[in-house]
Amino acid sequence: MSAVLPSEAATSGVSPPAASGDRLDRAFLGHPVGLGWLAFCEFWERFSYYGMQALLVLYLSNYLFLPENIGNVAGIDSLRALIESVTGPRKTQQLASIVFGLYAGLVYLTPLLGGIVADRWLGRTRTITIGAALMALGHFLMAFDRSFLLAIACLLVGVGAFKGNIAAQVGSLYKPEDKRRASAFQIFMLAVQVAVIASPLVCGTLGEKVAWHWGFGAAGVGMLIGLIVYLAGRRYLPAEEPRHAKVRDAAPKAPMSSRDKRRLALLVCMIPVLMLSIVGNQQFNNAYPLWAQKHMDMVLFGWAVPLTWLQALDAATSLLTMLGSIAFWRWWAERRREPDELTKMALGSALACTAPLLIVLAAGMIEQDHGRVSLVWTIGYNLLNNLGFANILPVGLALYSRTAPQRMEGLMIGCYYLHLFLGNTFVGWLAGLLDEISGPSFWALHAALVASAAVLLLLIKLAFGKLLDDEHAKPATA
């Protein structure tokens with residue numbers, strides 16, 4: 001058998017040499033070295049994404065969608081007419097929140113198509129490379145008012161090609177029975193948290209304090225770095241089956257078992273429940289900065305703190321809580337049986353619902369005193385929300401990666417991200433209620449939605465837990 005060249009490992013169906021695989025399997029924090037490359041690439045991709053996202057709703061509300069500027073955007077009249085045909089007339093803030101919500105949602109819908117393209121035609125490596133290039137182009141196009149919608153289109157297609165497939169490559173580093181998979185996705189998410197700390201401080205500060213377009217340009221540079229990192233680390237990534245091999249070896253492909261079909265149906269039916277679980281978390285990027293702009297004291301030592309820094313504070317808290325969650329479950333596993341993914345996600349949702357409940361108290365104080373509240377309330381929101389969220393998104397990724405039918409991993413990861421599409425779209429509509437109902441009612445609604453997800457996930461665990469548990473799968477007969 002001829003040896004596989006390093007450059008071919010990412011695009012062939014042949015595994016790297018066994019000795020190399022054994023040596024590299026625990027080279028990165030007890031995980032395969034490929035996880036390190038994927039995590040570092042994800043860091044730069046998320047740096048660019050969150051750097052742009054931290055600015056977007058403020059940019060739209062405070063500049064681009066103002067009456068004197070909105071006419072400069074090519075195609076905006078058609079988009080606004082389409083939105084208002086469903087929602088009715090929208091004010092500047094409401095239109096900004098809906099557009100932001102649609103964008104933040106669609107970036108989790110397009111990975112479904114990206115997974116299909118990678119699984120059936122291009123392969124993950126080529127699809128991810130194309131996606132990264134399109135995202136970089138989109139960020140640079142954000143520097144011009146007129147090309148805003150074209151920039152958004154490039155970003156949506158690019159992230160669709162990139163996001164689901166790079167997460168699927170993380171899952172492909174591990175065998176189905178490898179217990180390191182859940183912690184691998186948590187480590188992968190740690191790279192995201194570090195990026196979210198850095199990106200508002202860099203892109204957000206440039207955008208708010210210098211010029212909006214400087215912040216978007218910095219995001220584009222970050223994405224170019226991410227592309228270089230991905231290409232440099234290809235030889236350590238999971239092997240892929242060549243496209244021509246699918247035709248040549250089509251016969252051995254086994255059909256899905258009845259158990260796989262039931263699992264697939266359950267995973268799809270769980271999407272609306274997962275949507276509810278992230279409502280409080282996703283609203284922090286949409287309505288929360290607009291609420292904070294009006295009601296929170298953002299001046300420290302005589303200096304106005306950029307609103308985008310709230311995203312960095314959130315990410316720093318998320319990083320600490322993610323590390324705490326990983327350490328806690330490792331400690332727990334040494335002493336007791338570790339809970340399954342559904343149980344962790346139900347517990348996470350129960351914790352996360354307390355975050356908007358805390359803001360109910362702050363909003364009540366504002367109604368009574370008609371003043372501004374301290375940044376301490378944001379710290380409390382971040383702490384409670386992220387303690388819960390650390391056990392929702394990465395654990396859900398692990399669940400969908402583990403239970404996906406063979407050769408459908410990319411598609412199922414894209415399917416998993418559907419809940420973020422629905423959630424962000426829903427959150428964009430909810431944000432329009434910010435000026436329509438009282439502050440306490442607005443945040444209490446979010447708390448109730450997240451709490452309902454905790455109850456529903458627990459019920460799913462009780463009713464269908466064995467279906468998703470590999471230990472209850474029937475052993476194959478000889």
Side-chain angles (χ1 to χ4, degrees), residues 101 104-105 107-109 182 185-186 189 192 263-288 314 317-318 321-322 325 329 339-360 380-403 412-431 433 440-465 467-469:
V107 295
Y108 295 105
L109 175 63
F185 276 104
Q186 288 182 315
M189 291 298 295
V192 175
R263 274 184 166 185
L264 186 61
L266 177 59
L267 293 173
V268 172
C269 290
M270 283 174 55
I271 297 300
V273 179
L274 299 178
M275 175 198 78
L276 295 176
S277 72
I278 52 92
V279 163
N281 185 80
Q282 302 308 111
Q283 196 62 275
F284 189 81
N285 300 319
N286 195 326
Y288 194 91
D314 175 55
T317 309
S318 183
T321 54
M322 188 73 74
S325 177
W329 289 121
D340 59 33
E341 296 100 338
L342 279 175
T343 302
K344 288 183 180 180
M345 294 166 71
L347 291 172
S349 298
L351 275 172
C353 79
T354 62
L357 275 179
L358 189 67
I359 304 304
V360 171
Y381 186 103
N382 293 157
L383 180 62
L384 294 172
N385 173 71
N386 288 310
L387 279 171
F389 198 65
N391 291 286
I392 298 175
L393 183 63
V395 177
L397 273 171
L399 173 65
Y400 276 64
S401 173
R402 176 177 65 81
T403 56
M412 287 311 300
I413 292 295
C415 184
Y416 174 72
Y417 284 126
L418 281 176
H419 84 278
L420 288 162
F421 159 66
L422 295 173
N424 279 287
T425 304
F426 183 46
V427 158
W429 176 81
L430 284 175
L433 301 175
S441 297
F442 180 82
W443 294 109
L445 173 61
H446 288 73
L449 292 171
V450 180
S452 69
V455 174
L456 291 170
L457 285 168
L458 186 58
L459 292 175
I460 291 171
K461 159 63 181 173
L462 294 174
F464 303 104
L467 178 61
L468 297 176
D469 189 352

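Any value given below was found using the heavy atoms of this structure, including those in side chains, with hydrogens, waters and symmetry copies removed.
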Margin query: With rounding to the nearest 0.5 angstrom, report the OH to CG distance, Tyr381 to Asn281.
Written below: 7.0 Å

Note to self: With rounding to the nearest 0.5 angstrom, report the CD1 to CG distance, Ile460 to Leu467.
What the structure shows: 11.5 Å

Item checked: Short side-chain to backbone donor-acceptor contact, Asn386 and Met322, under 3.5 Å -> no

Next item on the list: Could you tell me which non-hydrogen atom of Leu422 sits nearest to which non-hydrogen atom of Met275, and how far apart they are?
Entry: CB-SD, 3.5 Å

Checklist line | Straight-line distance of Asp469 CG to Arg402 CZ, nearest 0.5 Å | finding: 6.5 Å

Checklist line | Point-to-point distance, once rounded to the nearest 0.5 Å, from CD1 of Ile271 to OH of Tyr400 | finding: 3.5 Å

Next item on the list: Please assess Cys415 against Leu418 for the test side-chain contact (heavy atoms from CB on, under 4.5 Å), listing each intermediate value before the final yes or no.
Entry: CA-CA 5 Å; Cys415 184; Leu418 281 176; 4.2 Å; yes

Item checked: Closest approach of Ala447 to Leu357 (non-hydrogen atoms, all atoms of both residues) -> CB-CG, 3.6 Å

Margin query: Return the CG to CG distance between Leu274 and Leu420, rounded to the nearest 0.5 Å.
Written below: 8.5 Å

Which donor-acceptor pairs under 3.5 Å do the side chains of residues 388-398 make with protein atoms, sequence neighbours left out?
{"from": "Asn391", "atom 1": "OD1", "to": "Ser325", "atom 2": "OG", "distance (Å)": "3.2"}
{"from": "Asn391", "atom 1": "OD1", "to": "Trp329", "atom 2": "NE1", "distance (Å)": "2.8"}
{"from": "Asn391", "atom 1": "ND2", "to": "Leu387", "atom 2": "O", "distance (Å)": "3.4"}

Next item on the list: Answer yes or no: is there a donor N or O on one side and an acceptor on the other, between the side chain of Thr403 and the main chain of Leu399, under 3.5 Å?
Entry: yes

Notebook entry, point to check: CE of Met345 to CG of Leu458: how many Å apart, nearest 0.5 Å?
Noted result: 12.5 Å

Next item on the list: Taking the side chain as every heavy atom from C-beta outward, state whether Phe284 and Asp314 have any pair of such atoms under 4.5 Å apart.
Entry: yes

Margin query: For a quick test of reading the model, state the closest non-hydrogen atom pair linking Val360 to Ala444 and the distance between them.
Written below: CG2-N, 3.4 Å

Next item on the list: Begin from the C-alpha positions of Trp429 and Thr425 and carry the test side-chain contact (heavy atoms from CB on, under 4.5 Å) through to its verdict.
Entry: CA-CA 7 Å; Trp429 176 81; Thr425 304; over 6 Å; no

Next item on the list: Work out which heavy atom in Cys353 is nearest to a heavy atom in Ala451; give both atom names and the distance.
Entry: CB-N, 3.6 Å

Notebook entry, point to check: Would you say the side chain of Asn286 lies within less than 4.5 Å of the side chain of Asn424, judging by non-hydrogen atoms?
Noted result: no

Checklist line | Among Trp443, Phe442, Tyr288, the one residue meeting side chain to side chain contact (heavy atoms under 4.5 Å, CB included) with Pro356 | finding: Trp443

Next item on the list: Indicate yes or no: at least one non-hydrogen side-chain atom of Leu468 is less than 4.5 angstrom from one of Glu341.
Entry: no

Notebook entry, point to check: Do you know the tightest heavy-atom contact between Leu342 and Lys461?
Noted result: CD1-CA, 3.8 Å

Checklist line | Minimum heavy-atom distance between His446 and Val279, given as atom pair plus value | finding: CD2-CG1, 3.4 Å

Next item on the list: Classify the side-chain pair Asp340/Thr343 by whether it contains a donor and acceptor separated by less than 3.5 Å.
Entry: yes

